[in-house]
Amino acid sequence: MADLFTPLQVAGRQLANRIVMAPAPSGLAGHDGFCHAALTSYYERRAQAGVGLIVTEPLLICEPSELVTHLGIWHDSFLPGLRRLSAAAHAFGSRIAFLLEAPAVGIPVFDLTELYLQAAWRALAAGADGVFLSIADDGALMQLVSPRYTLGNGTHSAANDRIQPVLAIIEQMRQRFGRRLWIGLRMPAAELVPGGLRHQDARLIARRAVAAGAQILDVTVNRYTPDVARFPGWTIPLVAGIRRIASEAVVIGSGQLSDPLLADAVIQDGSVDLVMLCTALRMVPEWPQLARRLLLSVSVE
C-alpha cells in the first residue's frame with residue numbers, strides 16, 4: 001500500500017514521494033519576468049526540505065500588456081534563469097514542472113496554441129520535467145472552458161466543445177515532445193458558483209484530457225460561494241470522483257491537507273496519487289521533514 005513517502009514512477013521519471021508544492025505566487029517575481037536569485041532560493045529551500053514535485057507559480061507565455069510582477073517564458077532570454085531554477089530543484093532530488101499561463105487578453109486560438117508550444121519547448125530547454133496548462137485559474141484557457149464566460153458572451157456550448165482548443169494544445173505537445181516532457185492539466189473538480197462548471201463536465205474533461213496525452217491532473221476547487229463548507233480534506237470526494245474515471249493519469253488532490261496524518265490517509269485509501277500543499281509549504285518549508293518524523297513516530301507507536 002502506497003503512503004505519503006512512497007516513490008512514484010511517472011512516464012519514466014521517479015518522484016521521491018507524493019508531496020507537491022502548489023503553484024502559488026512566491027511574492028518574489030519582479031516586473032522584468034526574470035527568475036532572480038531570491039526566487040530560485042525560495043524554491044530551492046522547499047526542494048532541500050524534500051518536496052517531491054514543485055509546480056512553479058505561473059510563467060507567462062506572452063509579454064504582459066501592462067507592468068505587472070511576473071515570471072516569463074515568452075522569450076529565450078529567460079532561459080538561463082529558468083535553467084538555474086530547474087538545476088536547484090534537481091540538486092536535491094525534486095522534480096519541477098512549469099505552470100504555463102496566458103493572460104486573458106483575447107489572443108486568437110491559433111496564436112495561443114503556438115505560444116504554448118513555444119513555451120513548452122523553452123521549458124524543456126530549461127531542464128523542466130514537465131509543464132502544466134491551467135483551466136482552473138484566471139487566464140485565457142479558463143475563459144475558453146468555463147461556462148461562466150461563454151454564457152456571459154451570449155453563447156452556450158457543451159463542455160465537450162469548449163475543451164477542444166485545450167485538447168488540441170495537449171495533443172500537439174504530446175506529438176512534439178513525447179516522453180521528454182510531462183504534460184499536466186490543472187483543472188477544477190467543479191466550480192461551486194452559479195453557472196459554473198459542473199462535476200459531470202469536469203469528469204468528461206478529465207477523460208478527454210488523458211486521451212489527448214495529459215499524464216498528470218491537478219484537480220482543485222478554487223471557485224465557490226461563501227456558504228460552501230470548507231474543512232480539512234473538503235475537496236477530496238470530488239477529486240476522487242475524477243480519479244475514478246481517469247485512472248490512467250496521476251491525480252493530484254488538495255484542500256487543507258496540511259495535517260500529515262490526513263495527507264497520508266488520502267494517499268493510502270487511494271483517493272489521490274499525490275497531495276498538493278500551498279500555505280503549509282509557504283509557512284513551513286520543512287513540512288516534508290516534519291511530516292516524515294510524525295508519521296514515523298506514529299507507526300512506531
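Quick note: residue numbers are just sequence positions, from 1. Note that this is a predicted model, so its numbers are computed, not measured.
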Using every non-hydrogen atom in the two residues, find where Ala16 and Gly93 come nearest and quote the distance to one decimal. CB-O, 4.3 Å

Kindly indicate whether the side chain of Ile163, heavy atoms from C-beta on, has any atom under 4.5 Å from the side chain of Asp201. no

Would you kindly confirm whether Leu59 and Leu117 end up in one hydrophobic cluster when ILVMFWY residues are joined by side chain heavy atoms under 4.5 Å apart? yes

Shortest non-hydrogen contact from Ala126 toward Phe98: CB-CE1, 4.0 Å

Under 3.5 Å side-chain donor-acceptor pair for Glu57 and Tyr43: yes

Supply the members, apart from Val193, of the Ile/Leu/Val/Met/Phe/Trp/Tyr cluster built from side-chain contacts under 4.5 Å; use none for a lone residue. none

Is the shortest heavy-atom distance from the side chain of Leu71 to the side chain of Pro58 under 4.5 Å? no

Under 4.0 Å between a Lys/Arg side-chain N and an Asp/Glu carboxylate O for Arg243 and Glu248? no

Close side-chain approach of Leu238 to Ile242, heavy-atom, < 4.5 Å: no

Between CG of Leu141 and OG of Ser146, what distance do you get to the nearest 0.5 Å? 12.5 Å

For the residue pair Gly253 and Val239, what are the closest heavy atoms and their distance? CA-CG1, 4.0 Å

For a side-chain hydrogen bond (donor to acceptor under 3.5 Å, both in side chains) check, start with the C-alpha distance between Thr113 and Gln172, then their side-chain angles and the critical distance, and finish with the verdict. CA-CA 9 Å; Thr113 300; Gln172 291 190 49; 5.1 Å; no

Apart from Ile252 itself, what residues make up its hydrophobic cluster, given side-chain heavy atom links below 4.5 Å? Leu8, Val10, Leu15, Val20, Leu53, Val55, Leu99, Phe132, Trp182, Ile216, Val250, Leu274, Met276

Kindly say whether Ser134 contributes a backbone atom to a donor-acceptor pair with the side chain of Arg186 at under 3.5 angstrom? no

Distance, nearest 0.5 Å, that separates CG of Leu85 from CZ of Phe78: 13.5 Å

Do Leu60 and Leu133 belong together in a cluster built from hydrophobic side chains that touch within less than 4.5 Å? yes

Taking every heavy atom of Leu82 against every heavy atom of Gly72, the minimum-distance pair comes out as CD1-O, 3.9 Å

Any donor-acceptor pair under 3.5 Å from Arg95 side chain to Gln14 backbone: yes

Does a side-chain heavy-atom distance below 4.5 Å link Gln143 with Asp138? no

same_hphob_cluster(Val131, Val210) at 4.5 Å side-chain heavy-atom cutoff: yes

If we ignore hydrogens and angles and just use 3.5 Å, is the side chain of Arg230 paired with the main-chain N or O of Gly255 as donor and acceptor? no

Determine whether Leu144 and Arg162 make a side-chain contact, defined as any pair of heavy atoms from C-beta on separated by less than 4.5 Å. no

Verify, without hydrogens or angle tests, whether Ser41 (side chain) and Ala37 (backbone) share a donor-acceptor contact under 3.5 angstrom. yes

Which atom of Leu4 lies closest to which atom of Pro260, heavy atoms considered: CD2-O, 4.4 Å

Exam field: side chain Ser86 to backbone Arg83, donor-acceptor pair closer than 3.5 Å: no

Treating Thr235 as the side-chain partner and Thr220 as the backbone partner, does any N or O pair qualify as donor plus acceptor under 3.5 Å? no

Would you say the side chain of Arg122 lies within less than 4.5 Å of the side chain of Gln118, judging by non-hydrogen atoms? yes

Could you check whether any side-chain heavy atom of Val275 comes within less than 4.5 Å of a side-chain heavy atom of Ser254, counting everything from C-beta outward? no

Judged by modelled atom types alone, do His90 and Asp129 share a side-chain donor-acceptor pair under 3.5 Å? yes

From Met142 atom CE to Asn222 atom CG, the distance as rounded to the nearest 0.5 Å: 8.5 Å

Linking I/L/V/M/F/W/Y whenever their side-chain heavy atoms sit closer than 4.5 Å, directly or via other members, would Leu100 and Leu124 fall into one cluster? yes

Donor-acceptor under 3.5 Å (Glu191 side chain, Leu197 main chain): yes

For the side chain of Arg46 and the backbone of Tyr42, is there at least one donor-acceptor N/O pair under 3.5 Å apart? yes

Pair Glu286 + Arg45, salt bridge at N-O below 4.0 Å: yes

Enter the distance from Ile73:CD1 to Ile61:CD1 here, rounded to the nearest 0.5 Å. 9.5 Å

Report the distance from atom CZ of Phe34 to atom NE2 of His75, rounding to the nearest 0.5 Å. 8.5 Å

Does Ile19 reach the side chain of Trp287, with side-chain heavy atoms less than 4.5 Å apart? yes

Separation of Ile236 CD1 from Leu262 CG (nearest 0.5 Å): 7.5 Å

Closer than 4.0 angstrom, basic N to acidic O: yes or no for Asp3 and Arg292? no

Here the pair of heavy atoms bringing Gly139 nearest to Glu101 is CA-OE1, 3.8 Å

Check for me, please, whether Val166 and Leu112 land in the same ILVMFWY cluster - side-chain distances under 4.5 Å, paths through other members count. yes

Hey, is the main chain of Ala214 close enough, under 3.5 Å, to the side chain of Arg174 for a donor-acceptor pair? no

Expected output: side-chain Asp273 to main-chain Val251 donor-acceptor under 3.5 Å: yes

